[in-house]
Chemist: 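The following block contains the structure, expressed as structure tokens.
By convention here, the first residue in the shown sequence is residue 1. Values in this document were obtained by computation on a predicted structure and should not be read as measured data. The figures here come from the full heavy-atom set of this structure, side chains too, leaving out hydrogens, waters and symmetry mates.
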Amino acid sequence: LYVPEYALNGPVLNPDLDMDVVQRDWVSKQASGEPGIAVVDDILSEEALQKVRDLLLESTVWYQTKMPHKFGGYVGAYIDDGLYQKILL
């Protein structure tokens with residue numbers, strides 16, 4: 001089992017992310033009777049996103065295959081089986 005260790009030099013969240021806009025969108029949807037769901041694009045900083053990509057590409061925790069006809073055919077990894085790293089938590 002190999003899970004590389006990555007340290008960030010900058011913030012995890014995108015510094016340009018305007019959480020006030022996200023909150024206003026969520027509140028306005030709830031007020032109009034829609035489900036209180038907010039979609040947040042670009043939530044991670046560029047550095048954090050690259051570190052997550054590198055971590056997932058280099059880790060050897062991918063061992064459980066999902067049934068291709070039922071779930072689309074992908075591999076699974078779980079926190080309790082080794083997919084734990086500070087940047088993911």
Side-chain angles (χ1 to χ4, degrees):
L1 177 67
Y2 174 68
V3 180
E5 188 71 31
Y6 286 105
L8 286 176
N9 297 320
V12 172
L13 296 181
N14 181 350
D16 297 326
L17 181 65
D18 189 345
M19 289 305 296
D20 290 332
V21 171
V22 173
Q23 184 175 5
R24 278 194 305 272
D25 182 45
W26 181 76
V27 169
S28 70
K29 285 181 179 178
Q30 278 195 321
S32 67
E34 296 181 51
I37 297 172
V39 176
V40 183
D41 288 326
D42 299 322
I43 194 167
L44 296 178
S45 67
E46 287 294 322
E47 180 190 10
L49 181 59
Q50 188 59 52
K51 299 285 184 180
V52 168
R53 286 179 176 152
D54 293 345
L55 168 72
L56 297 177
L57 284 171
E58 294 179 29
S59 297
T60 59
V61 295
W62 309 101
Y63 67 91
Q64 183 177 15
T65 56
K66 302 296 181 177
M67 296 178 284
H69 298 294
K70 188 173 182 182
F71 297 111
Y74 61 92
V75 294
Y78 306 95
I79 290 174
D80 56 343
D81 290 332
L83 185 60
Y84 54 87
Q85 219 284 346
K86 187 182 273 187
I87 196 168
L88 298 174
L89 304 176

Chemist: Tell me, please, which residues at least two apart from D25 pass salt bridge (Lys or Arg N to Asp or Glu O under 4.0 Å).
Modeler: K29

Chemist: Is it the case that more than 12 heavy atoms not belonging to E34 sit under 6.0 Å from its CD atom?
Modeler: yes

Chemist: Are L13 and V52 connected into the same hydrophobic cluster when the rule is that any two of I, L, V, M, F, W, Y join if their side-chain heavy atoms are below 4.5 Å apart?
Modeler: yes

Chemist: Taking the side chain as every heavy atom from C-beta outward, state whether N14 and I43 have any atom pair closer than 4.5 Å.
Modeler: no

Chemist: More than 12 non-hydrogen atoms from neighbouring residues, nucleotides or ligands closer than 6.0 Å to CG on D42, yes or no?
Modeler: no

Chemist: Check each of D18, L17, V22 against D20 using the side chain to side chain contact (heavy atoms under 4.5 Å, CB included) test, and report the only one that passes.
Modeler: D18

Chemist: When rounded to the nearest 0.5 angstrom, what is the spacing between CG in L8 and NZ in K51?
Modeler: 6.5 Å

Chemist: Between A48 and P11, which heavy-atom pair has the shortest distance, and what is it?
Modeler: CB-O, 4.4 Å

Chemist: Determine whether V40 and L44 fall in the same hydrophobic cluster, where Ile, Leu, Val, Met, Phe, Trp and Tyr are linked whenever their side-chain heavy atoms lie under 4.5 Å apart.
Modeler: yes

Chemist: Quick check: does any side chain N or O of E47 sit under 3.5 Å from a backbone N or O of N9, one acting as donor and the other as acceptor?
Modeler: yes

Chemist: Apply side chain to side chain contact (heavy atoms under 4.5 Å, CB included) to the pair Y78 and L83, showing each step before the final yes or no.
Modeler: CA-CA 5 Å; Y78 306 95; L83 185 60; 5.9 Å; no

Chemist: Roughly how far apart are L55 CG and Q50 CD, rounded to 0.5 Å?
Modeler: 11.5 Å

